[in-house]
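Following: one structure in structure tokens, then a few remarks.
Order of the sequence lines sets the chain letters (A, B, ...), proteins ahead of strands, with each chain counted from 1. Keep in mind it's a predicted model, so treat the numbers as computed, not measured.
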Amino acid sequence: MASEVNTKFLQDKRLDRIASDILRPVGVDRSFLIWMSSLSMLLFVCLYAYYIQLDKGLIVTGMRDYVSWGMYISNFVFFVATSLVGMLISSVLGMMGYKWVKPIGRIAEIIAVAFSAVAGIVIVSDMGRPERLAYVFMFGRIQSPILWDVTVVVTYMTLSILLYIFTMIPDMAISRGRIGHTPVWLQKTYEFLSFNFQHKPEQYKILLKAVRILLIMIVPTAFAIHTVTSWLFAVTTRPGWDSTIFGPYFLTGAFVAGSAAVIILMFVVRNSYKLSRYITVELFDKMGKLLFLVSIVYFYFNLNEYLVPAYKMKTFEARHIIELFVGEHAFMFWSVQLLGLIIPMILLLFKSMRKPVPMFIIAIVVLIASWFKRLLIVVPTMEAPFLPKQNVPDAWMLYHPTIVESAITVGTITMAVMIISVLMKLFPVIPIWEIAEEESAHPDQHPVE
Amino acid sequence: MILKSTFFVVLNFVAVVLLAQTTPWEVPADRSAKLSTAAFTDQNRNTGKDLYQTNCKSCHGDPGKNNVIKLVPPPPDPATTQLQQNSDGSLHYKISEGRGAMPAFKNIMSSADIWNVISYLRSYNKDYRQLLAVKPAYGGEVFDKVDLKLTADPTHNAIVAQLTGLKGSLVKPIAGLEVKLFAKRYFGNLMVDKPMDTDTEGKALFSYPKNLPGDASGKVSLIAQLSNEELFGLVRTESTMAIGLPTDRPPLNEPRALWNVVQKTPIWLLVTYLASVLIVWGFIVLALLKLRAIFKLGE
């Protein structure tokens, strides 16, 4: 992000074209209503599943004494992980001066907002007595990583929401008088969210300062959020979790999942919103390279995480490794490693695979694989306690998620999709002012038309 | 794959058959023939009920409701014949000794309390008629009350337990019976010296080590108990005496530690946590103030 804004773009003819392009899909139309009502119906079914869980307790899940962390906690880790991409794209790449990230900065922020907000809800789904959530604040211990986790999730969510709102202020002001086709309440919302912005240079100056503060603060917070999530596991001595590289291992895995999510949304924006002028083929190429980069780093951490214990084969670690490599979870393990990491990495080396359609498919597979990867981190360790499992019914030995539990998990994913849909459809999904400023600064590269 | 799953099905079947035929629980003949010396009264049953609720219900469930915990082998519901077919002595033995997931209660409850629980279990069996043990008499004598008293003799490092029987206004020493002495510790009782028989004056003499740790002022809680519970029921006394070494150790939960309560958070952690939270949220507030400035400028 530049430290100064050249406001001459406001007089540039290009602004009108950019604003009308980006604001055209904004608003409530038929297909949006149909989409949202289908999602609401799905969510309703899933909420019924949650009602069953509230009524009967966690016994309706597949979790028992040995496996007390199952799909919900895996899902939580997945949500936290995916949300981190907001920090990677807007802060790290943006502040390093990579201009190509400008059109997708807001998409990344939307993912950050939606996924971190739902992450908090996912955690509550793992509580048999959700009304006791307040106990965390009343009786929580600062010594416990769980309290740190609650703290950083809330902080990261706040920062992401603020960053989303702050960077949108000039767009809200630009949209004044340009969104006559949308409902009045939406126009009022825009007016409110523009915070009296008049494009005054001093206003831009203050805004850039505020955004800079947020961008800097979000870096340590994002690192903290996922490192602390990894510590929930790594501070125990259990095989598979007892690892010193769990923090960076989680963090790099998060970037893989998040980049995949951004690519999926980019594809949707490009095609459904007809914004291919801004979400260009070259942008997909760049994101393909980014996905490759984060994947190879993640691959490196995977190598360390599995090869080192597999070389030593300490009694309990060995049992865990065997379960993953050739045992109960081998099929899932190798599918995830191959489909979610190794094959995409090989494919992404080819330019033809970094085109929108192949990238879209690759990103979907990577994102699904990264969900299952979290399940593989949580469940096998839980199934293998140090003390022998004795005198218990067979059903307790291994974890088998139930329909209720799966439905609740689908519900949380539906919620995230709904938040993303609302933010993408009702507000400009590409930062108008940043694009306009960029184009008017380089008029030769961007002909008026 | 099919071969493997068939193999597991067969294995499972074998396992189930094996488990269903858990070896019968053998009770030594003398123990299974044992009977209570006292007739079960309503008071016994009520005490037994309370003991059952705290010690047994979590596994054996509510009698007659068959809501037992799922263990292999399962703990039987007390109202079933599987449990009720046991003789009183067998029940006493099984509860005392335990097996597998069934805990041994001999060190948790007194023998008399185990009889109380049995009297409660039996209340779910309409056909049960209690048989009483012939009460072993002490040399043909019957007392209204039996007393055990502890006195300390620090010069000889000795504790004297005095056993006396009271009959009307008559006070008689009871000789030839075994008494055990314990010092109360954090988790359970520590036996002091060997079990001793009372002499002709009804006295049992114990010697204690000089370095027996006491509390901050050297006090030790002592418990003396008559080994034979069948003669006079449970005869037991407790008294606190200053015979130990004063030990003034800070309680284990005194220092700040990771595992302690929140008020005892280690300072470094408290500072790190609060500083991080304050810094980040401070900047969030700063950003919000800037938002206000933008708003003001637009007016």
> Heavy-atom distance under 4.5 Å to chain B: side chain of A:I206, backbone, both or neither?
Replying inline: both
> Checking A:S194 against chain B: side chain, backbone, both or neither under 4.5 Å from a heavy atom?
Replying inline: neither
> A:I165 versus chain B, heavy atoms under 4.5 Å apart: side chain, backbone, both or neither?
Replying inline: neither
> Heavy-atom count around A:K209 NZ within 6.0 Å, excluding the residue itself: above 12?
Replying inline: no
> For the candidates B:I69, B:T265, B:L289, B:V261, which exhibits the highest count of non-hydrogen atom pairs separated by less than 4.5 Å from chain A?
Replying inline: B:T265
>> Less than 4.5 Å to any heavy atom of chain B: does that hold for the side chain of A:Y204, its backbone, both, or neither?
In response: neither
> How long is the span from the CD atom in B:Q263 to the CZ atom in A:R141, to the nearest 0.5 Å?
Replying inline: 10.5 Å
>> At a 4.5 Å cut-off on heavy atoms, which part of A:I142 comes close to chain B: side chain, backbone, both, or neither?
In response: both
> Under a 4.5 Å heavy-atom cut-off, does chain B meet the side chain of A:T221, its backbone, both or neither?
Replying inline: side chain
> Contact part of B:K296 toward chain A, heavy-atom cut-off under 4.5 Å: side chain, backbone, both or neither?
Replying inline: neither
>> If you count heavy-atom pairs within less than 4.5 Å of chain B, which of A:A224, A:P393, A:G140 leads?
In response: A:P393
>> So A:W148 and B:T272, do their side chains get closer than 4.5 Å, heavy atoms only?
In response: no
>> Using a 6.0 Å cut-off, check whether atom CZ of B:R292 has over 12 heavy atoms from anything other than its own residue.
In response: no
> If you measure from CH2 on A:W396 to NZ on B:K70, what distance do you get to the nearest 0.5 Å?
Replying inline: 7.0 Å
> What part of A:Q143 lies closer than 4.5 angstrom to a heavy atom of chain B: side chain, backbone, both or neither?
Replying inline: both
>> Please classify the contact between A:L207 and chain B as side chain, backbone, both or neither, with a heavy-atom cut-off of under 4.5 Å.
In response: both
>> Tell me if the CZ atom of A:F386 is crowded by more than 12 foreign heavy atoms within 6.0 Å.
In response: yes
>> Using 0.5 Å steps for rounding, measure from the CZ atom of A:F166 to the CG atom of B:L288.
In response: 5.5 Å
>> I need the A:Q198 CD to B:E299 CD distance, nearest 0.5 Å.
In response: 10.0 Å
> Would you say B:L278 has more than 12 foreign heavy atoms packed within less than 6.0 Å of its CG?
Replying inline: yes
> Roughly how far, to the nearest 0.5 Å, is CH2 of B:W281 from CE of A:M217?
Replying inline: 13.0 Å
> Is A:T155 close to B:I284 at the side-chain level, that is, under 4.5 Å between some pair of heavy atoms?
Replying inline: yes
> Between B:L297, B:L71, B:V280, which shows the greatest number of heavy-atom pairs under 4.5 Å with chain A?
Replying inline: B:L297
>> So for B:V277, is it side chain, backbone, both, or neither that comes closer than 4.5 Å to the heavy atoms of chain A?
In response: side chain
>> So A:L147 and B:V262, do their side chains get closer than 4.5 Å, heavy atoms only?
In response: no
> Looking at A:I213 and B:K290, what are the two nearest heavy atoms and their distance?
Replying inline: CD1-CE, 4.1 Å
> Just wondering, more than 12 heavy atoms not from A:K389 lying within 6.0 Å of its NZ?
Replying inline: yes
>> Can you tell me how far apart CZ (B:F283) and CD1 (A:I216) are? Round to the nearest 0.5 Å.
In response: 8.0 Å
>> Among B:N260, B:L270, B:L286, which residue has the highest count of heavy-atom pairs closer than 4.5 Å to chain A?
In response: B:N260
